[in-house]
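Bear in mind the structure is a predicted one, so any value in this text is a computation, not a measurement. Counting convention: from 1, in listed order, for ligands and their atoms alike.
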Amino acid sequence: MRTETPVTLYLKDYTPPAWRVNSVDLHVAIHDGHAEVRARLACTRNPAVADAPLVLDGEALQLLSVTLDGAALDATRYVVADDRLTIAGPLPDACVLETVVRIDPDRNTHLSGLYRSRDGYFTQCEAEGFRRITFFPDRPDVMARFSCTIEADRARFPHLLSNGNPVAAGVCADDATRHWARWDDPYAKPCYLFALVAAKLDVLEDEFLTASGHKVRLAVYVEPGKLDQCGHAMAALKKAMRWDEQRFGLEYDLDQYMIVAVGDFNMGAMENKGLNIFNTKYVLARPDTATDADYQGIDRVVAHEYFHNWTGNRVTCRDWFQLSLKEGLTVFRDQEFGADTHSRAVTRIQEVRALRVGQFPEDAGPMAHPIRPASYAEINNFYTATVYNKGAEVIRMIHTLLGRDGFRRGMDLYFQRHDGQAVTCEDFVAAMQDASGVDLTQFRRWYARAGTPRLTASGTYDAATKRYTLTLTQTLAPTAYEKRLAESGQPVVEGTLHIPVALGLVLPNGHDAPLKLAGEAEAAGTTRVLSLTEPTQTFVFEDVPDAPVASLLRDFSAPVQLEFEQTDAELAHLMAHDSDAFNRWEAGQRLATRVLLAGVNAQQRAALPRPPLPQAGEGRGEGNALGSDWIPDAFVAACGRVLDDGLNGDPALAAEALNLPAEAVLAEAVVAQGGTIDPEAIHAARVSLRRHLAARLRDKFETVWNALAPSEAYAPDGSQVGQRALRNACLGYLAESEADYLKASVVPRLTAQLAPGGNMTDEIAALATLANLDLPERETALADFYAPWRNEALVIDKWFSVQATSRLPGTAAHVRALMQHPAFDLKNPNRVYALIRGFCGANPRHFHAADGSGYALAADVISELQAINPQVASRIARSFDRWRQFDAGRQAHARAALERIAAIEGLAKDVAEVVGNALKA
Ligand code: TRP
Ligand code: ZN
């Protein structure tokens, strides 16, 4: 076998399907060692496409028989080749095609199609998994009515589930040990939304009464014995259903809504019509097993999949280039749900943090693409931060430009026009524009342009005329995406973007100035959204009583990199007074970034020695602290004020403010300044700043930690979550203290937090902190944690993660050792994500080790994993994205690792595309 160069598909080549499938009747018989699938498709020719053969996709299928309109098809009439079944003419305009295939779910390690996982069989069909179940035109614009009969062993697989409504069930006439169930879905859907489950499960049931009085049965199915971990997911589902009625007027449309949790799953969850399949990570939670972040993740993913019922299922995508049509919009909807049910400001901060850690680097790297890419080789590689998170930012900008009511009218029109259809991003934007009257012509470029725009700002205040003049400039440099387009002779989209810039002017007294643009009769509001549509534009504000500090991009109104020179004092003023909570946080992050980059530069200029290796028992594992003359007292004072505010005001916001920019974000800041990433220097600067704050603010950290001692039973509610976040942030800083204090006063608290009977939020905070400390308590804690949780997979994932992300030297070798641990399993995506992605994606200092040990580890894993699970292997391969931004030595190691992967015989297409782009860039 040779590696084929992946075939690239182009958006411009779209043609409507030559054949439609009106209905599908499936019969799936599950046996030990194989399954047999009979599919009866009622097909009709698309009159617009004359004489085309009937072509069906099929992958890893063994064809047993084909009949056309009831008669066995002569072998000369069809060809099975290149993952397709082609039936040659002449064919009637309508026909019934029946195929029988044999598949092997027990050995399906791709987790795409029908596969076995512990107690049962599950499916995953998005994007192109249905073709691994039966022959079918596997494209989202072929929408059919599905019915499905499942047959399996009665004792081992008591639950037989599929989409829609249960219509009949019984014991098999010829074998009383087997049973069957038949399901019928009244809504036509693309095959990527098909699902079936045959398993032994426990079920939590509930009911929901829709706004119009329809009663819906809700069910959450989990592995036997886990019923006590389903309550939160069920509550989240009911909240989401109510919210979608209230905010968007959208009701559920079937008699049943089922969620099934499975421990082997490539992604978070899947929105199959009426039968969602979820990664256990987004269903199971109990205070002693799940953290506050896990609880919030469940809320958001349950809501996300539920919201897809309208944005994705009722209105679906014409083709996979339009993926952001459903994903960007649905992420925006789950973000708004999060903001309406938790703190809006904290939610927004976390989203922007995720965008900066995950999407900005993607947009600057070899896999850069717009939210609607013009080409792809493997669609599974485009379930990205760009399509999902930047996609949501683009929807948010439309929301900002249209206002809440205008956006709602746009949504209403979108459903009115397109319910039951497979449509494009263009159709969505057209509905928004037509319903609101806002011209979105220029705005559409956001769908076609890759890269993070730079927004440069400068402002001047004229005391004599009381005018503030703001000049905004946008630039967008070509990315790797434009290079790929040009190479394949594709047109490159150029031109300025329509960027909504929300701003306020904060006066010296801390209040917002009323905003009156030159030419306006009177001031209107204190936050205004400016439309930047030209390369450079100047905005003049009148009657500004005093020299203001501009607060730009309030609530992060556009996904851009802002360059705006503001003094430390101005940033401190915003931190203290900005009426926009997001920008108060943002000012702190900008100040911290400035300080940290100074730290990085100072070390590089002075060629300061790298942190020496730890001395045994020294505790922190990194030797002496570096100098601190680059840390301004004003920054320390600002952090002190944050702590005071945290006690008196909002602890959740204070915790966010104390969370310094991540190493990956600092790395991008270095690149933006034209520098080479030095992961050691970045790490050292960040740790040094944390140590400095720990030393200077110890009393405040202690005060806050003591004041926030829990006084009530654990609940994952807003106020408790904020308090735990701030308290654990304080403890994390205190753990940066010098050895004596650390051992005498901090380690005992960490150990106490790990005592049985507590909650997982506090436990994992303590364990992750201890995992960075070179102390005997570390090993004890890790061993004591493992034993009682060894049968709770999601908790063991955390145990792997905290070790993979440890700062301590030797972490790469330790990760290799953990891969040999009996609990590690390359076939389980959650385990791989916990250990391998934890190391490659969340431990930059060790992954990018100068000796190449991190890259070699990744290459070894990817090489083995690509044959087992190409989707997961490909996600790990994305860790190499930024390899060109490092020094020559690291680049040589990275190139060797990438070339080693590229040379694999029969390399999976998913990995070939990622590695190929990385080497080309
Ligand atoms: N549509 C799913 C979501 O965003 C994503 C998804 C789940 C997926 N499983 C997948 C995508 C497997 C590709 C492959 O909610
Ligand atoms: Zn989704």
#### Entry: Partners meeting salt bridge (Lys or Arg N to Asp or Glu O under 4.0 Å) with D244 (sequence neighbours left out)
R333

### Message
For the residue pair N272 / N163, report whether a side-chain donor-acceptor contact shorter than 3.5 Å exists.
### Response
no

### Query
Which of the numbered atoms in ligand 1 are below 4.0 angstrom from a heavy atom of Q871?
12 (C), 14 (C)

### Task
May I ask you to check if R837 and Y833 form a cation-pi contact, with NZ or CZ under 6.0 angstrom from the six-membered ring centre and within 45° of the axis?
yes

### Query
So which bit of M267 gets within less than 4.0 Å of ligand 1, heavy atoms only: side chain, backbone, both or neither?
side chain

### Message
Tell me if the aromatic rings of Y257 and Y306 count as close, with their centers under 6.0 Å from one another.
### Response
yes

### Numbered atoms and elements of ligand 1 in range of H304, under 4.0 angstrom, heavy atoms
3 (C), 4 (O), 15 (O)

#### Entry: Best match, E305, M270, K326, E128: closest heavy atom to atom 15 (O) of ligand 1
E305

### Query
Would you say N266 touches ligand 1, if touching means a heavy atom closer than 4.0 Å?
no

### Message
Show the atoms of ligand 1 that are less than 4.0 angstrom away from any heavy atom in A269.
### Response
2 (C), 3 (C), 5 (C), 6 (C), 7 (C), 15 (O)

### Residue and atom name of the nearest protein heavy atom (relative to atom 5 (C) of ligand 1), distance in Å to one decimal
Y388 OH, 3.3 Å

### Query
Got a donor-acceptor contact below 3.5 angstrom from the H369 side chain to the M367 backbone?
yes

### Task
Please work out whether the ring planes of Y383 and W320 are parallel, tilted or perpendicular, with thresholds of 30° and 60°.
tilted

### Min N/O separation N380 to ligand 1 under 3.5 Å
no

### Query
Among all protein non-hydrogen atoms, which one is nearest to atom 1 (N) of ligand 1, and what is the separation to 0.1 Å?
E126 OE1, 2.5 Å

### Message
With a heavy-atom distance limit of 4.0 Å, tell me whether H110 approaches ligand 1 through its side chain, its backbone, both, or neither.
### Response
neither

### Task
State whether E327 contributes an N/O/S atom found under 2.8 Å from the Zn ion (ligand 2).
yes

### Query
Is the closest N or O pair between E271 and ligand 1 shorter than 3.5 Å?
yes

### Query
Which part of T330 is near ligand 1, with near meaning a heavy atom under 4.0 Å away: side chain, backbone, both or neither?
neither

### Query
Would you call the rings of F443 and W446 parallel, tilted or perpendicular, where under 30° means parallel and over 60° means perpendicular?
tilted

### Query
Under 4.5 Å between any side-chain heavy atoms of F407 and F332, yes or no?
yes

### Query
G129 and D138: which non-hydrogen atoms are nearest, and at how many Å?
N-OD2, 4.0 Å

### Message
Is the contact between S112 and ligand 1 made by the side chain, the backbone, both, or neither, using heavy atoms and a 4.0 Å cut-off?
### Response
neither

